[in-house]
Colleague: 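Below you'll find the structure I mean.
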Amino acid sequence: MAENSGTDPTVDSNVVENAASDGTMIVVTVKTPKDKEEIAISEDSSVAQFKEEISKRFNAKQDQLVLIFAGKILKDGDTLNQHGIKDGLTVHLVIKTAPKATVGGTSQSSASSSGTPQANSSVNPSAAPNDSTTPGTGPTPTSTQPPNLLSGFGDLSSLSGMGMGSANFMEMQQQMQRQLMSNPEMLSQIMDNPLVQNMMSNPDLMRQMIVTNPQMQQLMERNPEISHMLNNPELMRQTMELARNPAMMQEMMRNQDRALSNLESIPGGYNALRRMYTDIQEPMFSAAREQFGNNPFSALGGNLDSGVQPSRTENREPLPNPWGPPGTTPSEIRGTGASTTTTTSAGGTAPSASNPLGINASGLGNGVFGSPGMQSLMQQISENPQLMQNMLSAPYMRSMMQSLAQNPDLASQVCTTSALSAQQQLMQQMLQMFAGGGGGSSTVTPEVRFQQQLDQLSAMGFINREANLQALIATGGDINAAIERLLGSQPS
Amino acid sequence: MLAHVDSKASHSCVKLVGCPLGGGPLLIITGNCVKVPRNFRLLEELEEGQKGVGDGTVSWGLEDDEDMTLTRWRGMIIGPPRTIYENRMYSLKVECGPRYPEAPPFVRFVTKINLNGVHNSNGVVDTRAVSALAKWQNSYSIRVVLQELRRLMMCKENMKLPQPPEGQIYTN
């Protein structure tokens, strides 16, 4: 229904203006990438009114419309006059269709190959941050799309394409840590990663991530000081600042070490330190040692200002020894019970004062984080907090929890200090589960997951649906790789 | 392209060479010899921008309508579908210097984008990365540059680059 009945398709640039009662009518062409419509509207109407007309004509909601004229976006409060929109000119229209869905869809398939390490990384340190307030997400989060989600995360087979060449989580992590050690530039790179920055600037998110880690929970039960620390937002913020800023971290390290050495001289202080170390630091070390993405932990330990609670700040290397190789400074007497953790068993950096978990965060950037698939994945995650939540409430997560529950041995192993082997077991279990396509409770078949890709393939002329499906499963939803597979197997 | 140049030349040639010389054949002046005055060109581009010449995926216009020097322009690129830029609108600033169109314009993104050839810190487009800018010809226009940038977004190496959250702009 057109209020301005004067519109006829034959209008050209020089249209006779109909003098209407509320101003001259002009005919403006509204162009989308696919469509073109001519809309008559009063010359001095506002952009909002214009949008109203457009929404009727294009059958779209007003707030989905974005109008562009002469390189500028027209805001609702502006008038057509303001932008110089006159008769016969063209305005560009973009209809936003739940933007994140499509973006998620396209980049899901590209992220499928990196899905698993991501799943690994976020499964390891924590469970889902339940109401993660991921900062920096301007647009509205999408409605959840389970099939895409699972296709992105549930398929392990493309793990080897991740750029690490390793099909084994542990190996991959080790590689990562090796890379960490070898490339000190990585820290700045990873810190530049907007995702990381966003994550780190959100104390709630960090806190939840840490808190939901079962090992941390156990630790927290045993040592209320830790929960104290985590609950102190000021402290968290400071911690994250530290993690972000390696120079600051070094400063803090030195301060800590000096504070500790002062402590030592207090009667009874030494014992307190030792107790604290063995109670807190050791389990944390071993529990979190191999885990990816535990940057918050590494700074966490070194962040306490007061000398009273230097829980994780045992310094086996009082000050970083500029002359000696890392990890060779003699372990202090305090470190009696845990000299094992001094040695870099899995290729991590020697745990030191403010780096209790032995993770040289500086390396984190390139290896896994830096791969574009991974980054796009993380990007999605940061943009869509729902995604993270869904991912972790996904069937395979549940089945992992179930298996953990069913196997109390495994669960207890995970939480004990000899967590290294437990970690491996856990990894392998997860590996199996993922390979199994999400465990028994998965209700989404590969066919459904790859529906979109299958359609695209059939549109391209690959009519053998079965082969398409196989190829898609093999490549984890990556259409291009699937096409190559198909072309390689059937030269037609 | 050559035809394009010629048509432009003849457009202004009409004004300069009104009648054939000496009764002989009309002197044909190629685009190389006739330089279209800068403002003519820019006014033409302004008009094209307002009329929506092209496929509707890029838009451009003067930043300030009162700008008599026609130097500062604004551009908009609609992210191509089936890429990570889909559904986003990228705003750009284009500056046509005094030697335009002999010299290429300066282009920089206002909306944050992760694209090869665009500086991460300030959105400035690297002239060497965009072939339209690197091998600039005076028949090129702002539209050509914008469309080329959009084509770059569709390249395999760019179409899946992770992007900053929507709505962020470069502050410097």
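Fair warning: this is a prediction, and the values are worked out from it, not measured in the lab. A, B, ... follow the sequence lines: proteins, then strands. Residue 1 opens every chain.
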Colleague: What part of B/V94 lies closer than 4.5 angstrom to a heavy atom of chain A: side chain, backbone, both or neither?
Modeller: neither
Colleague: Please evaluate residues A/T79 and A/N81 with respect to the criterion side chain to side chain donor-acceptor pair (under 3.5 Å), reporting the C-alpha separation (whole Å), side-chain torsions for both, the decisive distance (0.1 Å), and the verdict.
Modeller: CA-CA 5 Å; A/T79 65; A/N81 239 333; 5.5 Å; no
Colleague: So, are B/D126 and B/R128 salt-bridged, with charged N and O less than 4.0 Å apart?
Modeller: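 So B/D126 pairs with B/R128 through a salt bridge.
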Colleague: Going from CZ on B/R74 to CD1 on B/I142, what distance comes out if it is rounded to the nearest 0.5 angstrom?
Modeller: 13.0 Å
Colleague: Sort A/V91 into side chain, backbone, both or neither according to what part of it lies under 4.5 angstrom from a heavy atom of chain B.
Modeller: neither
Colleague: To the nearest 0.5 Å, tell me how far B/Q50 CD sits from B/E45 CD.
Modeller: 12.5 Å
Colleague: Does B/E86 use its side chain to pair, donor to acceptor, with the backbone of B/R82 at less than 3.5 Å?
Modeller: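 Yes, the answer is positive, given that a donor and an acceptor are paired below the 3.5 Å cut-off.
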Colleague: Flag the one option from A/I95, A/L93, A/I73, A/I85 with the top tally of heavy-atom pairs under 4.5 Å to chain B.
Modeller: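 Looking at each of A/I95, A/L93, A/I73, A/I85 in turn, A/I73 comes out on top.
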Colleague: Against chain B, label A/K31 side chain, backbone, both or neither, depending on which of its atoms sit under 4.5 Å from a heavy atom there.
Modeller: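 Side chain only.
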Colleague: Applying a heavy-atom distance below 4.5 Å, give me the residues of residues 151-158 of chain B that approach chain A, sorted by number.
Modeller: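 Interface residues of residues 151-158 of chain B: B/K156.
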Colleague: For chain A, find which of B/G79, B/S91, B/G52 contributes the most heavy-atom pairs closer than 4.5 angstrom.
Modeller: B/G52
Colleague: Below 4.0 angstrom, N of the basic side chain to O of the carboxylate: do A/R57 and A/E53 qualify?
Modeller: no
Colleague: Which word best sums up how the rings of B/Y100 and B/W136 line up, parallel for under 30°, tilted for 30 to 60°, or perpendicular for over 60°?
Modeller: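 Rings of B/Y100 and B/W136: tilted, as their planes differ by 30° to 60°.
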Colleague: Run the salt bridge (charged side-chain N to carboxylate O under 4.0 Å, His left out) test against A/K51 and tell me which residues pass, sequence neighbours left out.
Modeller: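 Applying salt bridge (charged side-chain N to carboxylate O under 4.0 Å, His left out) to A/K51 gives A/D76.
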Colleague: Check whether B/L146 gets within reach of chain A through its side chain, its backbone, both or neither, counting any heavy atom under 4.5 Å.
Modeller: neither
Colleague: Tell me whether B/R72 is salt-bridged to B/E95, with the criterion being a basic N under 4.0 Å from an acidic carboxylate O.
Modeller: no
